Amino acid sequence: MEVLGQIEEKWRKAWEEAKIFEADPDPSRKKCMVTFPFSYMNGPLHVGHGFTATRVDAYARFKRMQGYNVLFPWAWHWTGETIAGASERVKTGDEDFIRALREVDGVSEEDLKKFVDPACMASYYTEQSREAVKRIGFSIDWRREFHTTSLYPTFSKFIEWQCERLREKGYIVQGTYPVVWCPHDESPTGDHDRQVGEGVAPEEYTLMKFKMDDAYLPAATFRPETIYGVTNMWIHPDADYVKARVNGEQWIISEIAANKLKEQQRKVKTVSRFKGKEIIGKHFLSPLSDRKMLILPGWFVSPANATGVVYSVPAHAPYDYLALRDLQEKPELLKEFGIDPDEVKKIESISMIRVEGFGEHPAVELVEQMGVKDQYDSKAEEATKLLYKKEFHNGVLKDICGDYSGRMVYEVKESLIRDFRERGVSDSMYDLPQPVVCRCMTPCIVKVLEEQWFLKYSDEAWKEKTKEALNQAKIYPESAIQWFLNIIDWLREWPCARKTGLGTPLPWSPGWIVETLSDSTVYMAFYTINKHIREYDIKAEQLTEEVFDYLFYGKGNIKKIAEKSHINREVLEGMRTEFLYWYPVDLRISAKELVPNHLTFFLFQHVALFPEYLPKGIGVNGVLSIEGNKMSKSKGNFVTLRNAINQYGADATRCALLLGGEGMDDPDWRRENVRDVRGKIQGFHNLANSIIETAKEEEVGHLEEWLISVLQHRIKKVTESIETLKTRTATENALFEVWNDFRWYVRRKERTDSKVLKEALEIWIRLLAPFAPYICEETWNKIGKEGFVSLAEWPISDEKKVNLKAEETESLIENVLEDTSNILRATKMVPKKICYYSAASWKWKVYLTMLEKAISTKVALSNLMKELMTDPDLKRIAEKVAKFASQVIEEINMMPSDKKHRRLKVGAVDESQALSEAESFFEKEFNAKVQTYREDDPQRHDPKRKAESARPYRPAIYIE
RNA sequence: GCAGCGGUCGCCAAGCCAGGUCAAAGGCGAAGGACUCAAGAUCCUUUCCCGUAGGGGUUCGCAGGUUCAAAUCCUGCCCGCUGCACCA
């Protein structure tokens with residue numbers, strides 16, 4: 001381990017000194033720009049990042065070896081609320097959080113003190129992570145590195161330019177929408193920022209406006225269609241209500257509701273304050289029929305829910321029925337409100353929805369059926385939900401429902417809400433169906449956020465073009481394409497600015513900061529020019545819109561731009577060249593969780609801003625788990641990249657990650673596996689060394705031909721796999737399959753001193769280099785090659801070196817080995833002597849004839865025999881021929897066509913020679929004397945007359 | 001609920017799109033053996049069941065279907081994982 005560690009350190013330094021990963025434009029070479037989404041610096045990089053990034057790096061290294069001019073840049077994401085929030089938690093002394101920083105991230109006390117400044121925190125993790133990225137051996141051009149936010153002013157200028165261009169094209173618009181809002185943080189509260197209420201979103205209630213004296217009772221409901229069945233009103237007798245002027249009208253609502261409405265763009269002025277009981281017993285009018293009805297006490301009513309005013313439809317709402325029944329059965333409850341019990345008794349349910357499986361009054365039936373006791377019974381909630389669902393999907397509105405009579409509820413719901421609104425009989429308000437509490441422990445409300453900035457991902461034309469962009473790109477794996485298409489359709493306006501957190505202020509609206517998923521979409525273009533910005537120390541002020549327009553669009557007069565910006569003309573041209581050379585992005589890879597947001601935004605924004613430079617490839621991979629569990633700091637199974645490298649080394653970490661999985665499957669990080677892979681790396685090193693040290697034998701025999709031949713297939717497989725980002729398959733082949741080839745060779749040959757073996761090793765090292773670059777660099781050097789393997793030429797599969805005969809002969813030997821062992825196992829014999837009999841040459845003649853026929857048609861025995869009998873030699877032994885043919889006919893008909901072609905091409909194999917040559921091998925394997933004969937050798941030793949059962953590729957076997 | 005991915009011989013994981021080479025790659029684990037004074041490393045064998053001659057039987061989430069032939073194609077079902085928006 002110690003040795004491997006030193007090797008890695010040595011080569012990392014060598015790469016750095018030789019600057020081999022610094023890539024500059026070179027028109028004579030094809031370019032390849034690969035990227036990994038910059039990671040968010042609220043913590044150290046972990047092995048999950050490592051997984052995706054290693055895929056990028058393996059591809060980069062592969063392409064570099066293929067001769068491409070490869071650029072793999074790197075940057076850090078600091079934008080957003082999270083770092084600011086984390087820093088805040090340090091400031092306020094959140095013990096759990098601080099413990100995690102100490103224990104998981106290994107932050108020292110001294111550094112911890114600095115974390116009260118979010119920039120220091122981000123900077124700390126950036127330093128740490130850069131170190132890890134270097135040590136794992138990613139082939140990065142560090143000259144282009146940066147981090148986001150206004151703390152990196154030149155990048156901020158780029159974001160400003162991006163926003164301006166988007167707005168100019170009409171892709172950034174303003175809108176007013178309701179959000180879940182934390183009054184303390186003064187910002188929207190996303191799902192992950194919540195202590196309570198995951199998944200809860202603002203819902204719009206319809207408020208039916210019932211007239212009462214000089215005011216309205218705006219009763220809240222999700223089912224305004226039930227207005228036709230209203231019988232009374234519910235008010236909580238003990239809750240606080242107000243009469244308030246709301247946008248010019250007098251409303252009677254709960255006090256809580258009045259406060260809520262203030263946040264929803266309503267002018268609310270409280271006129272008077274009172275307990276609910278004060279209006280109970282009064283009468284009000286239905287907005288549709290002028291029917292006079294009674295306000296009754298409803299203890300189930302929550303003043304915290306919507307307006308705290310509820311109208312009653314006992315025929316269709318279990319709560320309403322229950323509450324009414326309670327009052328009718330216990331008239332004493334009415335006493336304190338001075339209501340005449342007879343008037344309440346006279347209230348009858350009004351049936352207005354017909355629904356299959358129920359009679360006139362579904363709510364009544366359901367309550368009886370489920371045995372709900374009263375309005376306080378928890379089963380009432382259940383019954384309500386059930387009935388709502390039923391009536392919505394299957395309910396038909398009855399004749400008393402005016403224009404909507406005879407229609408299905410779900411059909412008319414939307415237009416009904418709109419109609420009521422237009423006729424002025426209803427209004428609406430937002431509220432949360434369940435409580436939401438922010439992480440800062442403040443209960444959240446709904447706020448209608450005014451004039452927020454949105455990216456207009458709802459734009460149909462934009463969507464269409466984005467689909468085209470997707471279409472022209474290579475997506476790995478292909479199964480992700482459909483997902484992307486769905487996401488493109490599904491996206492709507494995306495809020496692209498926030499009020500708080502780190503980031504770049506919107507240039508035209510400084511109170512707003514560009515949000516994280518919006519400043520991370522086209523920044524790859526910034527890599528191309530940041531090299532110069534850093535080299536020539538170009539200041540943010542110099543990076544005007546005109547400069548960017550020139551660099552990215554070639555717009556404007558360069559002379560004037562150079563003068564105005566005080567950037568050298570040559571420098572500007574160099575930057576322009578650099579952009580033109582590197583763009584578009586050839587490959588971007590991320591975990592699949594970014595498909596519904598970042599990766600799709602990445603496409604959208606390139607369509608908008610760089611339509612000539614659309615991304616060429618996108619890779620999506622699974623999400624890494626740790627020992628089968630989701631990785632998380634609180635679970636204590638958080639594995640940082642740094643720790644992984646410390647424990648197992650870079651090469652082992654890389655290979656273990658790559659071997660974990662490909663496609664969209666979730667790979668799993670297992671200590672056992674990594675440890676083992678580390679052993680393999682060590683083993684490779686040892687084997688390579690022994691081959692290098694002993695190579696001297698010049699002779700090229702059958703086994704050498706075989707090894708070089710099979711290696712050609714491995715080259716092809718690895719090349720194709722990595723090209724299509726099947727990184728697991730690629731690594732598996734480069735590491736294990738090639739290893740097995742070498743192992744078989746050594747086992748058969750019983751020596752490792754062939755020069756061909758060393759040649760084969762040269763191929764192997766190169767095949768493995770993208771995955772385990774350090775150990776390959778070391779062995780490449782040891783084998784005596786000049787230069788870095790990182791820059792060596794990728795092996796090319798050479799058809800001419802494929803030797804089918806050698807391969808088929810070798811597979812013959814393997815078959816014989818296997819068959820012999822099988823016999824030994826079945827008979828439980830300990831062999832003293834083994835005899836092999838190779839098939840007679842007439843059998844080969846028949847066999848090959850059959851193969852040839854089988855290429856085009858299914859071979860029938862009768863036709864075949866007719867043809868064979870035209871050959872006088874065969875005719876003489878017709879009986880034997882017929883017997884043999886019938887034995888192999890099934891095998892031949894079942895044989896897949898490429899195998900038929902192979903064997904035909906190879907023709908007759910000299911099995912006798914092959915077997916004789918392998919005699920000593922078999923003797924060693926079975927620890928017995930081995931003799932080989934031809935089937936028709938008259939001198940053969942064959943007491944059990946086995947020889948005649950010999951078939952091509954299937955010699956007969958006799959064991960004593 | 002909507003959408004995406006998946007369910008393979010102890011575990012991880014290929015194969016499935018282009019049906020026969022599939023009892024089904026590779027890795028791990030396990031058992032046995034070689035080497036060694038010993039341990040480790042390495043190498044070999046076995047690892048669904050049966051079998052005294054290279055063979056046979058039962059398998060690829062479940063149930064059907066298509067086909068000479070299905071892990072692979074079709075239909076229905078069951079079970080996991082992930083995403084679903086003001087947020088990285």
Side-chain angles (χ1 to χ4, degrees), chain A residues 37 39-40 42 77 79-83 177 179-181 187-193 199 201 449 452 454 457 477-480 482-487 489-499 501 515-518 520 591-598 620 622-623 625 628 630 659-668 670 672-673 675-677 679-680 682-683 686-687 726 728-729 732-733 735-737 739-740 743 746-747 815-816 818-829 858 891 893-900 902 924-925 927 944 946 949 954-959:
Chain A
S39 41
Y40 194 64
N42 66 330
H77 206 194
T79 309
E81 201 79 28
T82 314
I83 290 178
Y177 289 88
V179 297
V180 178
W181 182 264
S187 78
T189 310
D191 247 0
H192 51 280
D193 279 330
L449 246 188
Q452 252 195 117
F454 291 90
Y457 293 133
E478 282 179 7
S479 55
Q482 189 53 47
W483 192 10
F484 273 109
L485 286 171
N486 292 340
I487 297 299
D489 279 333
W490 162 88
L491 274 171
R492 47 176 203 249
E493 275 78 13
W494 180 262
C496 62
R498 297 174 62 87
K499 291 282 192 184
E515 165 275 346
T516 46
L517 281 163
S518 305
S520 55
K592 61 186 174 188
E593 55 200 3
L594 297 191
V595 170
N597 42 65
H598 168 73
V620 178
V623 180
S625 56
K630 197 177 164 134
L659 288 167
E662 63 195 12
M664 286 201 271
D665 292 347
D666 297 334
D668 193 19
R670 285 171 188 270
E672 288 275 320
N673 284 356
R675 219 175 285 151
D676 183 69
V677 172
K680 292 280 179 214
Q682 183 73 60
N686 297 344
L687 175 59
K726 291 192 170 185
R728 202 196 89 83
T729 305
E732 200 252 324
N733 275 277
L735 187 57
F736 297 122
E737 302 292 351
W739 201 316
N740 286 340
R743 197 178 286 154
V746 172
R747 183 174 161 199
N815 286 342
V816 171
E818 201 181 304
D819 277 349
T820 310
S821 326
N822 195 11
I823 294 168
L824 292 176
R825 188 174 340 122
T827 59
K828 300 192 174 75
M829 284 163 84
K858 196 169 158 178
E891 174 197 328
N893 278 330
M894 295 273 281
M895 199 181 282
S897 76
D898 66 314
K899 195 163 183 179
K900 287 183 222 167
R902 256 173 97 96
K924 179 195 66 173
E925 292 290 323
N927 196 23
K944 288 230 167 140
K946 291 280 177 192
S949 64
R954 211 85 206 271
I957 301 169
Y958 167 70
I959 302 173

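Everything quoted here is computed from the prediction, not taken from an experiment. Every chain is numbered from 1 and lettered A, B, ... according to where its sequence line falls, protein lines coming before strand lines.
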Between the protein and nucleotides 44-47 of chain B, which nitrogen or oxygen pairs are less than 3.5 angstrom apart?
from: B:rC44; atom 1: O3'; to: A:R747; atom 2: NH1; distance (Å): 3.3
from: B:rC44; atom 1: O3'; to: A:R747; atom 2: NH2; distance (Å): 3.2
from: B:rU45; atom 1: OP1; to: A:R747; atom 2: NH1; distance (Å): 3.0
from: B:rU45; atom 1: OP1; to: A:R747; atom 2: NH2; distance (Å): 3.1

Say you pick atom P in B:rG6 and the same atom in B:rA18; how far apart are they, in whole Å?
16 Å

Comparing A:M829 and A:M664 on RNA chain B - which has the more 5′ nearest nucleotide:
A:M664

Take atom C1' in B:rU67 and the same atom in B:rC84, then report the distance between them in whole Å.
42 Å

Out of B:rG4, B:rC86, B:rG26, whichever nucleotide has its closest atom nearest the side chain of A:F736
B:rG26

List the residues meeting ring pair (Phe, Tyr, Trp, His ring centres under 6.0 Å) with A:F736, not counting sequence neighbours, and say none if there are none.
none

At 4.0 Å (heavy atoms only), tell me whether A:A201 reaches a base, stays on the sugar-phosphate, or touches nothing.
nothing

Ignoring hydrogens and angles, state whether a donor on the side chain of A:N486 or A:Q482 is under 3.5 Å from an acceptor on the partner side chain.
yes

Do A:N733 side-chain atoms and A:T729 backbone N/O form a donor-acceptor pair below 3.5 Å?
yes

Assign A:L735 to base, sugar-phosphate, or nothing according to its heavy-atom contacts below 4.0 angstrom with the strands shown.
nothing

Once rounded to the nearest 0.5 Å, what's the spacing between atom CG of A:N893 and atom NZ of A:K900?
7.0 Å

Can you tell me, in whole Å, how much space there is between the P of B:rA31 and that of B:rC81?
33 Å

Could you work out the separation of B:rU47 and B:rG10 based on their P atoms and round it to a whole Å?
14 Å

Any residue meeting ring pair (Phe, Tyr, Trp, His ring centres under 6.0 Å) with A:W739, in chain and number order, not counting sequence neighbours:
A:W764

Do A:N822 side-chain and B:rA53 base share a donor-acceptor contact under 3.5 Å?
no

Does A:S821 have any side chain to side chain contact (heavy atoms under 4.5 Å, CB included) partners at least two apart in sequence or in another chain, and if so, which?
A:F926

Would you say a side-chain N or O of A:N597 is under 4.0 Å from OP1 or OP2 of B:rA85?
no

Mapping A:R954 and A:S187 onto RNA chain B by nearest heavy atom, which one lands closer to the 5' end?
A:R954

Which whole number of Å gives the distance between the P atom of B:rU58 and that of B:rA23?
13 Å

Using 0.5 Å steps for rounding, measure from the NZ atom of A:K680 to the CG atom of A:L687.
11.5 Å

Please give, in whole Å, the distance from B:rC86 C1' to A:Y457 OH?
13 Å

Compare the minimum distances between each of B:rA88, B:rG51, B:rC5 and the side chain of A:S479, then state the nucleotide with the smallest one.
B:rC5

Any donor and acceptor pair, going by atom type alone, linking the side chain of A:Y40 with main-chain N or O of A:T79 inside 3.5 Å?
yes

Regarding A:P955, tell me which of base, sugar-phosphate or nothing describes its non-hydrogen contacts under 4.0 Å with the strands shown.
base

Per-nucleotide protein contact string for nucleotides 9-21 of chain B (B base, S sugar-phosphate only, - none; heavy atom under 4.0 Å):
---SSS-----SB

Taking ring pair (Phe, Tyr, Trp, His ring centres under 6.0 Å) as the test, write out the residues that go with A:F454, two or more places apart.
A:Y177

For a quick check of understanding: with a heavy-atom distance under 4.0 Å over all strands, which category does A:S39 fall into, base, sugar-phosphate or nothing?
nothing

Does A:K828 place a side-chain N or O at less than 4.0 Å from the phosphate oxygens OP1/OP2 of B:rU52?
yes

B:rA85 base stacked by A:W490? Criteria: ring centres under 5.5 Å, plane angle under 30°.
yes

What contact category does A:D193 fall into here, base, sugar-phosphate, or nothing, at under 4.0 angstrom with non-hydrogen atoms?
sugar-phosphate

Base, sugar-phosphate, or nothing: which does A:N815 touch, judged by heavy atoms less than 4.0 Å apart?
nothing

Have a look at A:R492 and say if it touches a base, only the backbone sugar-phosphate, or nothing, with a 4.0 Å heavy-atom cut-off.
base

Atom P, compared across B:rU66 and B:rC11: separation rounded to whole Å:
33 Å

Under the side chain to side chain contact (heavy atoms under 4.5 Å, CB included) test, residues paired with A:R728 that sit two or more places apart
A:E662

On a whole-Å scale, what distance lies between the C1' atoms belonging to B:rU72 and B:rG7?
15 Å

List the residues meeting side-chain hydrogen bond (donor to acceptor under 3.5 Å, both in side chains) with A:R902, not counting sequence neighbours, and say none if there are none.
A:E807, A:E808

Under 4.0 Å, heavy atoms only, any strand: does A:K944 hit a base, just the sugar-phosphate, or nothing?
nothing

Please work out if A:T189 contacts a base, only the sugar-phosphate, or nothing of the nucleic acid, heavy-atom cut-off 4.0 Å.
sugar-phosphate

Not counting sequence neighbours, which residues clear side chain to side chain contact (heavy atoms under 4.5 Å, CB included) with A:N673? List them please.
A:R670

With a 3.5 angstrom cut-off on both distances, give the Watson-Crick or G-U wobble partner of B:rU21, or none if there isn't one.
none

Could you give the distance separating B:rC79 and B:rG29 at their P atoms, to the nearest angstrom?
36 Å

Whole Å only: how far is the CD1 atom of A:I959 from the P atom of B:rG54?
11 Å

